[in-house]
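Encoded as structure tokens, the structure appears first; notes follow it.
Keep in mind that what you see is a predicted model, and the values were worked out from it rather than measured.
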Amino acid sequence: MKKMKLIPAVLSAAMLAAAVTPVFAESEVAFSDLSDPKYSWAVGYINDMASQGFISGYEDGTYRPDREVTRLEVLSLFARAMGSNSEANQTAAEAAAKQYGATLEKYNLPYGTNDIAYLLYRGALKESELSAYLKDSLQSQPMPRYEAATIITKALGAEKTALSEVMVDMDYTDAKSIPSKSSQYVYYVTEKGIMSGMGDGSFSPATGVLRSQIAVMLSKTVDLMGLTVEEYKLVSIDKDNIAYKDIDGKTAYMGYSDKTRFYLEGVLTETQHIPVGVTAKLTYMENELM
């Protein structure tokens, strides 16, 4: 398989592991209420996500790090991490909105409809799961930490990997209080360094995620995700490989996995129905074709 050059404007191929702490300028405080040393662990991540346009503050110049984030806010943020508002994914986002717009109307979302549609389109959410996050007042309630672990895992396309861990052993003092249906997701994000304990050894699964915490989770997820989009002319697709024309006009090949999803004019499609000779947008996550 030919090693492909990824688009640097999105993210570099040489991504740091999530467990590696990025270096931020300590003096950079973009919001007026982050000067207190108790927020030093989050400031760099908040500034990073704000500079990339993922998060923003309030009109008074504050970030309000101790405010809880709602389920709808978290879903929208991780949809953006997956590229819902990226120009490169505009075609996919429009197809998602068209396909799921009617489904989402019944939830009367004040914002984020296109983001949620994109999560459905990319397979990070199922229609059967929507009510658990968005029905009535649930959408405006704080998202518990255990739910955030689930959403992060799915946004990374790692649900199958997480669920393959049949026996999980975590050092959290309250590990037994983590809902059994979420324990594998919590284990996954812990192992990836995206989420950690609360400082007292507990995970505190039912506690609502704070704005300070979500910036850290989001930044680490974006780094680990390594989302990129490339455009090539297809030559052929078989059960193992995609043949395409590279930038020099030569035929090159890449493999794909059972997680890869193919869309034709916005509709999920089997590979045998993809016409050759068309120009296709290829989306990668962690350097793996989505």
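- Applying the side chain to side chain contact (heavy atoms under 4.5 Å, CB included) test between Tyr107 and each of Leu130, Asp136, Ile116 identifies Leu130 as the sole match.
- By the 4.5 Å heavy-atom criterion applied to side chains, Tyr100 and Tyr121 are counted as neighbours.
- Criterion: ILVMFWY side-chain heavy atoms under 4.5 Å apart, direct or through other members. Under it, Ile274 and Tyr256 are part of a common hydrophobic cluster.
- Side-chain contact of Asp66 with Tyr39: a donor-acceptor pair under 3.5 Å is present, judged by distance alone.
- Annotation: Asp36, atom CG; neighbour count of heavy atoms from other residues, nucleotides and ligands within 6.0 Å is above 12.
- Within the 4.5 Å cutoff, the side chain of Asp33 has heavy atoms near those of the Tyr63 side chain.
- Proximity of a side-chain donor or acceptor of Lys220 to a complementary backbone N or O of Gly193 within less than 3.5 Å is detected.
- The neighbour count for Gln272 CD, taken as heavy atoms of other residues, nucleotides or ligands under 6.0 Å away, is above 12.
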Report the C-alpha separation of Lys250 and Tyr244 in whole Å, then their side-chain angles, then the decisive distance to 0.1 Å, and conclude whether the side-chain contact (heavy atoms from CB on, under 4.5 Å) test is met. CA-CA 8 Å; Lys250 297 179 180 179; Tyr244 63 97; over 6 Å; no
Assess the residue pair Trp41 and Val216 against the criterion (side-chain contact (heavy atoms from CB on, under 4.5 Å)); give the C-alpha distance rounded to whole Å, side-chain angles, the decisive distance to 0.1 Å, and a yes or no. CA-CA 9 Å; Trp41 59 275; Val216 177; 3.6 Å; yes
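- Side-chain contact between Gln139 and Lys135 is absent, with no heavy-atom pair separated by less than 4.5 Å.
- Residues Ser182 and Pro205 form no side-chain contact, since every pair of their non-hydrogen atoms from C-beta on lies 4.5 Å or further apart.
- For the residue pair Arg211 and Ile214, the shortest heavy atom distance occurs at O-CG2, 3.3 Å.
- A donor and an acceptor atom, one from each side chain of Thr190 and Tyr172, are located under 3.5 Å apart.
- Minimum heavy-atom separation, Met82 to Ala124: SD-CB, 3.8 Å.
- Side-chain contact between Thr70 and Val74: absent, with no pair of heavy atoms (C-beta onward) separated by less than 4.5 Å.
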Validation: residues 143-151 side-chain donor-acceptor distances under 3.5 Å, sequence neighbours left out:
from, atom 1, to, atom 2, distance (Å)
Arg145, NE, Phe203, O, 2.7
Arg145, NH2, Ser196, O, 2.6
Arg145, NH2, Phe203, O, 3.3
Glu147, OE1, Arg71, NE, 2.8
Glu147, OE2, Arg71, NH2, 3.2
Thr150, OG1, Tyr146, O, 3.2

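- In this structure the side chain of Lys126 never reaches within 4.5 angstrom of the side chain of Leu120, judged on heavy atoms.
- A donor-acceptor contact shorter than 3.5 Å is absent between the side chain of Asp246 and the backbone of Ala252.
- Annotation for Ala162 and Tyr188: closest pair CB-CB, 3.9 Å, computed over non-hydrogen atoms.
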Report the C-alpha distance between Glu159 and Tyr185 in whole Å, list the side-chain angles of each, state the deciding distance to 0.1 Å, and finish with yes or no for side-chain contact (heavy atoms from CB on, under 4.5 Å). CA-CA 8 Å; Glu159 182 173 31; Tyr185 299 105; 2.6 Å; yes
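- Leu138 and Leu77 fall into different hydrophobic clusters, where Ile, Leu, Val, Met, Phe, Trp and Tyr residues are linked whenever their side-chain heavy atoms come under 4.5 Å apart, directly or through other members.
- Between Val209 and Glu68 the shortest side-chain heavy-atom distance does not fall below 4.5 Å.
- Taking 4.5 Å as the limit, some side-chain heavy atom of Ile178 sits within range of a side-chain heavy atom of Met170.
- No more than 12 heavy atoms of other residues, nucleotides or ligands lie within 6.0 Å of CG in Asp169, so this atom counts as exposed by the packing criterion.
- In the hydrophobic cluster analysis, where Ile, Leu, Val, Met, Phe, Trp and Tyr join through side-chain heavy atoms closer than 4.5 angstrom, Met217 is grouped apart from Leu210.
- Residues Leu109 and Val69 fall within the same hydrophobic cluster, defined by Ile, Leu, Val, Met, Phe, Trp and Tyr side chains chained together at heavy-atom separations under 4.5 Å.
- Heavy atoms only, all atoms of each residue included: Asp115 and Ala79 are closest at O-CB, 3.3 Å.
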Carefully, step by step, assess Phe78 and Glu73 under the rule side-chain contact (heavy atoms from CB on, under 4.5 Å). CA-CA 9 Å; Phe78 284 98; Glu73 287 172 333; over 6 Å; no
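- The two residues Tyr118 and Ala93 make their nearest non-hydrogen contact at CD1-CA, 4.0 Å.
- Contact detail for Asp238 and Asn241: the closest heavy-atom pair is OD1-N, 2.5 Å.
- Using modelled atom types, no side-chain atom of Glu94 and backbone atom of Thr91 make a donor-acceptor pair closer than 3.5 Å.
- Counted by atom type alone, Ser137 and Gln141 present one or more donor-acceptor pairs between their side chains at under 3.5 Å.
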